[in-house]
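We name chains A, B, ... by the order of the sequence lines, and we start the count at 1 in each one. All of these numbers come straight from a predicted model, not from anything done at the bench.
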Amino acid sequence: MAHWLFKSEPDVFSWEMLLAKGKTGEEWSGIRNYQARNNMRAMKLGDKGFFYYSNQGKAIVGIVEVCKLAHRDSTSHVDSWDCVDIRAASGLPKPVSLETIKTDRRLADMVLVKNSRLSVQPVTSEEWEIVCALGGVKA
DNA sequence: GCCAACGTTGGC
DNA sequence: GCCAACGTTGGC
């Protein structure tokens, strides 16, 4: 199973809002970046991802699950933009801050550190396990 | 609020 | 196809 990271600004779309969407989840629309889109196209049902707060919060606060494969982004007027749907899987007992990630040498190669602007990122299984451990959940 | 990093656009 | 100009993102 592949692992991912989804960024969201908490005042735009928060973890609580995703939780409120329940099992149906949320269409992760509005992504207008080819790399991010290609990452979503590569996702499989059941793939897990981190839910990261950018700008405000700057921490991984939860774990999400891909619940619908990539499809046409309903908010796009052109057919070049696709997105998946995601739903909340579990919250992190201990949110893992960007500061923590940056100071952990094992996480120095995370895309979040190397290319912080990419809004949908791949996460290696090693990174996944380390962050899960830091966050107080089983990988 | 600033600015570095990155992606996109458009003129040539 | 190159690259300067511009816009956006996101950490600080």
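- Counting to the nearest Å, the P atom of C/dT9 and the OH atom of A/Y34 are 15 Å from each other.
- Taking atom CH2 of residue A/W81 and atom P of nucleotide B/dG7, one finds them 12 Å apart after rounding to whole Å.
- Protein atom CD1 of A/I31 is 10 Å distant from nucleotide atom P of C/dT9, rounded to whole Å.
- When distances run from any side-chain atom of A/N55 to the nucleotides B/dG7, C/dC12, C/dG10, the shortest one goes to C/dG10.
- Note on A/K102: a side-chain N or O is less than 4.0 Å away from OP1 or OP2 of C/dC12.
- Residue A/Y53 is out of contact with every strand shown, counting any heavy-atom pair closer than 4.0 Å.
- For the pair A/R32 CZ and C/dG7 C1', the interatomic distance rounds to 16 Å; values are reported in whole Å.
- Contact between the side-chain N/O atoms of A/K7 and the OP1/OP2 oxygens of C/dG10 is found at a separation under 4.0 Å.
- Remark: C1' of C/dG11 and CD of A/E99 are 12 Å apart, rounded to the nearest angstrom.
- Screening A/K44, A/R87, A/K23 against A/E65 for a salt bridge (charged side-chain N to carboxylate O under 4.0 Å, His left out) leaves a single residue, A/R87.
- The distance between the ring centers of A/W81 and A/Y34 falls below 6.0 angstrom.
- You'll find the ring centres of A/W15 and A/Y53 outside the 6.0 Å limit.
- When each of A/D82, A/D47, A/L45 is checked for a side chain to side chain contact (heavy atoms under 4.5 Å, CB included) with A/L69, only A/L45 meets the rule.
- Distance from the side chain of A/R117 is smallest to B/dA5 among C/dG10, B/dA5, B/dG7.
- For A/K114 and C/dG10, the NZ to P distance is 19 Å, given to the nearest whole Å.
- Looking at heavy-atom distances under 4.0 Å, A/L118 makes no contact with the nucleic acid at all.
- The distance from atom CD1 of A/I101 to atom C1' of C/dC12 is 16 Å, rounded to the nearest whole Å.
- Counting to the nearest Å, the P atom of C/dG10 and the CD1 atom of A/I60 are 14 Å from each other.
- Ring planes of A/W28 and A/F13: perpendicular class, angle over 60° (limits at 30 and 60°).
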